[in-house]
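Worksheet: one structure, shown below.
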Amino acid sequence: MHISRFGGAAMARVYWPLNLRALHWLFCPAPQAVAFALRNTIASLVALAIALWMELDSPQWSVATVWSVAQLGRGESMSKARWRIVGTLVGAVAAVVFIAAFPQQAWLFFPAVAIWIGLCSFLATFSLNFRSYAFVLSGYTCSIIAVAAASQPDNVFFIGISRATYIVLGVVCEAVMGMLFTLNLATRARGIMVARVEDVLHRLGGLLREIVLHERDTLLHAGEFSDMLVSVHQGLEFPAIEMGRHLHAGDHARAVLAEVSILVTRLVGLSGGAERAVLAGDDAFADTRGQLLHLCDRLSTCRLKGGMLDELREQVSHLHALFDRRATGGTQEMARITHGVLGASMADLGIALDHCHAIFSPPAHDRFRFRLAGHRDVRLAFYNGLRGAAAIMLAALVYELTAWPGGMGFIAITTLVCGLFATRENPVVGTTRFLSGAVWSAVAAGCLDLGILPYLSDYEEFAFVLGIFLFVGGLAKCNRGTAGAAAAYGLLMPNLLMPGNQSRVDEVTFLNSALHTVLAVGLSVLVFRLVLPFRARDERLRFGAHIRGELRRLCLVPLSPTPQWWIGTSLDRIGRMVRHAAQEHDRTAGGGIRLMLMFSAVGLNILLLRQLKRQQRDGASDVITVLLRALVRYRPVSPRGIAVVRAARMRIARMERADPGNGRLLEVLACLDGIGRTATACIAAIEAGVE
């Protein structure tokens, strides 16, 4: 007995600090979290007061709108608010159309709503950031309005106007409060953008060092670098919004990412074992290696302000000129080709640094525009749409079979949750946390509705108590571990609260509302986990098959895409593979990520060959034309395709030996070497069972 008590005390001493550490976001919040929670709590209470004063039918949606729009960054909040208004208006119009087209016809009305939800989810998959949110919102807004008006179709217009009113009210309150809490917005946004671009250059320095030193895991780290570039690209939109539309710093930052990505892709297949053996005794290449390592050190510590950027630009310009001279004046063919590739890479880096300079020192009358393309996954979009439509039809079937009084709310919440998760690359991730947030929202609303509100007599007392619950939710939203549950809490808890001017929720109404809300979230979780579930391995196989077909089309299409377009789509695919492998803790995904990087390098070299072909009509362009036609027939990544590339290389090499100072022929040789070497590595990886 004594041992048991001692063991229990020891366990209490061990586990009690761990429990406190898990709640550090509540007991020791960061100042930014306190400011975020405070401003949105005030905005929610002001929006609710105005909605009650206007006697709107569902004032709780103004509170939910504030927490739905609220983001940690002002640019994110501004973008989401704008697209939320657009989605709400489109959804309201669609609801009026469906109610007018199918009055009192349940099994025409519900399939029409399900098809609309599926279409919105399908289109949302092709959009980035909060533009996809607008599509989703138009879907579930239509469902919420149409379901509310199903029993009173004559009032659908007024219901739609009411919903649009409290959505706009919540957006305006959040925006005004955000402006009051934010100072020097443009200056802070520029600082954030500069810091992100600096981080990219620092990571580039480390990756370039690995390439120069022929590190073993270079390709895997290049995949992680691609994932970072994708996340930076997606986040650049919001500081650009904060800085203002008249500035083009975001476009210049995206151009930096594109040039850096082209540089890395150029160098992916450069460090082969045969090359190292050839270049081992080359004194010029030894000096080149030292120069590149010194550049890596400068990149790893560079700053975009002051004279450091100018010094770095001068060094890159010097290396560009040096490598070009060694490419045209060397004696060994492999050394000349390698220096040619390095010279082109320094040109890419020089353009990137010029765009870096334009971020904080924009040129006069700057009209520069730039966008990075992304991958459009049609199958994922179809699956998202199908899952959303299936969930709505299943919820409607439950309602029709049971005549459940809360069935319409059950359908509306199911639509909302399915729409929110349909925009995610991996919709399974986060569903469990969202369900836990729904449970906590029911608990919090139950405490307020059943235990506290009956004893409150005016709005000031109610606002004080509600503000405590909302403030805790705001702190939870700033913590990464609880952000998913807090999103559900902020969205669903006000809906369960259902405050009114002259009424309060009784026990039966609250329990019915809480039940259909939690069950709707649970149904949505089951649909995403059971209906066409997402698997990272299937995605890798799909991406691999897709990019092989794209490589053939790059050789065939009359108007070839730009290298920036190709790099943008490749980055998006590689970034998704890295993220999804990390989410599923898949340690076997490294081979697939390396394979995708090599495919990307093959495609870039094909596009560079086509650019060289268009520059001048000569014997080299005729060889390129014959090669591209053969690659369409035999596929670039195949033994016969590699043999065709080697035959073309032999012809170009003879031309280059006859004209040793021709830089154009060296560029063609570099592209052919890149295709042949990388395609050979791809085939070896595929034969080894890499997926």
Side-chain angles (χ1 to χ4, degrees), residues 265-285 288 320 322-345 347 551-552 554-556 560 563 598 601-684:
T265 308
R266 283 184 193 272
L267 300 179
V268 159
L270 191 62
S271 54
E275 274 186 8
R276 279 191 290 176
V278 172
L279 300 173
D282 193 324
D283 295 335
F285 190 77
T288 296
H320 181 204
L322 176 64
F323 295 158
D324 282 348
R325 288 197 302 270
R326 290 178 177 176
T328 56
T331 57
Q332 296 185 17
E333 180 186 84
M334 189 62 68
R336 294 202 306 273
I337 294 174
T338 302
H339 281 111
V341 175
L342 293 175
S345 301
L551 291 177
R552 297 183 69 180
L554 291 180
C555 303
L556 178 65
S560 61
M598 291 187 285
V602 171
L604 177 62
N605 282 296
I606 290 174
L607 292 177
L608 294 176
L609 273 181
R610 297 194 62 168
Q611 285 186 346
L612 292 170
K613 173 190 168 184
R614 289 193 298 266
Q615 289 176 2
Q616 183 178 341
R617 183 70 179 178
D618 56 6
S621 62
D622 294 337
V623 174
I624 295 173
T625 301
V626 174
L627 171 65
L628 293 176
R629 291 175 180 173
L631 291 180
V632 171
R633 181 178 180 183
Y634 298 125
R635 299 193 307 274
V637 182
S638 67
R640 299 187 69 176
I642 294 173
V644 171
V645 171
R646 288 174 178 170
R649 190 197 185 284
M650 293 175 62
R651 296 181 61 185
I652 298 296
R654 287 196 295 268
M655 296 180 187
E656 198 274 334
R657 284 193 292 270
D659 187 9
N662 193 326
R664 169 181 161 81
L665 295 178
L666 280 176
E667 292 182 27
V668 175
L669 281 175
C671 293
L672 294 175
D673 279 350
I675 295 173
R677 179 173 51 247
T678 314
T680 302
C682 289
I683 292 176

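Just so it is clear, the values below take in all heavy atoms, side chains as well, and ignore hydrogens, waters and symmetry mates. In this chain, residues are counted from 1 in sequence order.
Atoms CD1 and CG, on Ile606 and Leu672 in that order, are 10.5 Å from each other to the nearest 0.5 Å. A distance of 12.5 Å separates CG of Leu556 from CG of Leu551, quoted to the nearest 0.5 Å. Taking CG from Asn605 and CD1 from Ile675, the interatomic distance works out to 5.5 Å, rounded to the nearest 0.5 Å. The CZ atom of Arg326 sits 12.5 Å away from the OG1 atom of Thr338 when rounded to the nearest 0.5 Å. Atoms CZ and CG, on Arg266 and Leu604 in that order, are 6.0 Å from each other to the nearest 0.5 Å. To the nearest 0.5 Å, atom CG of residue Leu669 and atom CZ of residue Arg336 are 8.5 Å apart.
Gly340 approaches Ala327 most closely through the heavy-atom pair N-CB, 3.6 Å. Smallest separation of non-hydrogen atoms from Cys671 and Leu612: SG-CD1, 4.2 Å. When all heavy atoms are compared, the tightest approach of Arg552 to Pro636 is CG-CD, 3.9 Å. In this structure, Ile683 and Pro639 approach most closely via the heavy-atom pair CD1-N, 3.6 Å. Across Ser560 and Arg614, no two heavy atoms sit closer than the pair OG-NH1, 2.9 Å. Between Leu267 and Ser345 the shortest heavy-atom distance is CD2-OG, 3.5 Å.
For residues 641-655, the pairs satisfying salt bridge (Lys or Arg N to Asp or Glu O under 4.0 Å) are Glu333-Arg649, Arg649-Asp673, with sequence neighbours left out.
No side-chain heavy atom of Met598 sits under 4.5 Å from any side-chain heavy atom of Val637. Considering only heavy atoms from C-beta on, Leu608 comes within 4.5 Å of Gln611 through its side chain. In this structure, Leu631 and Val645 have side chains that are in contact, with non-hydrogen atoms separated by less than 4.5 Å.
Partners of Arg617 according to the salt bridge (charged side-chain N to carboxylate O under 4.0 Å, His left out) rule, which considers only residues two or more places apart in sequence or in another chain, are Asp622.
For Arg635, the CZ atom is loosely surrounded, since the number of other residues' heavy atoms within 6.0 Å does not exceed 12.
Proximity of a side-chain donor or acceptor of Arg610 to a complementary backbone N or O of Leu554 within less than 3.5 Å is detected. Remark: side-chain polar atoms of Arg664 are paired, donor with acceptor, to backbone N or O of Gln616 under 3.5 angstrom.
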Legend entry - Candidate pair Val644 and Arg633, rule side-chain contact (heavy atoms from CB on, under 4.5 Å), full reasoning: CA-CA 11 Å; Val644 171; Arg633 181 178 180 183; over 6 Å; no
